[in-house]
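Worksheet for the structure shown next.
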Amino acid sequence: MPRHLKIATFNVNGIRSRLPHLLAWLKKEMPDVACLQELKATDQAFPIDEIHAAGYGALWRGQTSWNGVAVLGRGVDPVESRRRLPGERADEQARYLEVMAHGVLVCGLYLPNGNPQPGPKFDYKLRWFDRLLKHARALAKLEHPVILAGDFNVVPTDFDIYDPKSWRKDALLQPESRERYERLLAQGWTDSLRAMHPEERIYTFWDYFRNHWPRDAGLRIDHLLLNPALAPRLVDAGVDRWVRGLEKASDHAPVWVKLRRPP
DNA sequence: ATGTCTATATCGTATAGA
């Protein structure tokens, strides 16, 4: 049994086209829990056999073409807590999956991108964020350890992007998006990457345009937030940049935290 | 304004979303 519990999030940008990368990453980094986003596959197309063969159990919520989230558990089948945010009855987009695994309530999420902004997609992003805020407020207060993990599609501050100039009008940097992320933190959530590395430029996403990866022109939009019951166990956090450097990589790199195991 | 991927609808190439 490794000393620490490792929980990660990875926007795979198509699980079928990215399966070799996902399997290589699981084998090398061995996260105990992995939240995946942008499966871009139906439930039937989810590659559960390969994931089982890699030593992981999984729950997933797919959708044709877009979105889709999953949570993998190393050596265990995650136990489903909920498959959608409260107040989502009419929302069919597969963006939220909450499970229990390795003693932690893991909330895997894929917040809407929201571009172009302004417009209906940005309105949807803010509504989705408001639903998350409402649900997260209750989760923060639990005495049980909880983690919010996923692609939040929010660059929290100008320190979390290589250069905000060409992104000022983008939905990821809007004051309305950032203010909601701030409110989330004000509920008591710890931004693990920033807490561990307050002075460091950290990126988790480099788009495919304009040579951004070779120039290390990235954004920090994939986040791992710990509730007060879990935050004292935080020992390390980082980004598996090597995955972004692979041939035909996702535009995101996996992000992880290491947590002390409870006594 | 641009740039590049993935998936879908359909079998070469266009469109949407990010």
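The figures here come from the full heavy-atom set of this structure, side chains too, leaving out hydrogens, waters and symmetry mates. Being a predicted model, the structure only gives us computed values, none of them experimental. Throughout, a chain's letter reflects where its sequence line sits, starting with A, and its residues are numbered from 1.
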(message) Please report the distance separating the C1' of B:dT10 from the corresponding atom of B:dT15, rounded so that it comes out in whole Å.
(response) 13 Å
(request) Starting at the 5' end of nucleotides 5-18 of chain B, put B wherever the base has a protein heavy atom under 4.0 Å, S where only the sugar-phosphate does, and a dash everywhere else. (result) SBSS--------BB
(message) Quick test of your reading: applying side-chain hydrogen bond (donor to acceptor under 3.5 Å, both in side chains), list the pairs with at least one residue in residues 57-66 of chain A, sequence neighbours left out, ordered by first then second residue.
(response) A:Gln63-A:Asn67
(request) Would you kindly say whether A:Asn113 and A:Lys125 are connected by a side-chain donor-acceptor distance under 3.5 Å? (result) no
(message) Test of understanding: with side chain to side chain contact (heavy atoms under 4.5 Å, CB included), list the residues that count as partners of A:Arg201, not counting sequence neighbours.
(response) A:Phe159, A:Tyr203
(message) Between B:dA7 and B:dC11, how far apart are the two C1' atoms, rounded to whole Å?
(response) 15 Å
(message) Between B:dT8 and B:dG12, how many Å separate the two C1' atoms, rounded to a whole number?
(response) 14 Å
(message) Tell me every residue that passes salt bridge (charged side-chain N to carboxylate O under 4.0 Å, His left out) with A:Arg220, counting only those two or more places apart in sequence or in another chain.
(response) A:Asp160, A:Asp191
(message) Among residues at least two apart in sequence or on other chains, which ones pass ring-ring contact (aromatic ring centres under 6.0 Å, His included) with A:His252?
(response) A:Phe205
(request) Take atom P in B:dT13 and the same atom in B:dA1, then report the distance between them in whole Å. (result) 29 Å
(request) Just jot down the salt bridge (charged side-chain N to carboxylate O under 4.0 Å, His left out) partners of A:Arg82, sequence neighbours excluded, or say none. (result) none
(message) Just the rounded figure in Å: distance from C1' of B:dT4 to CD of A:Glu247.
(response) 14 Å
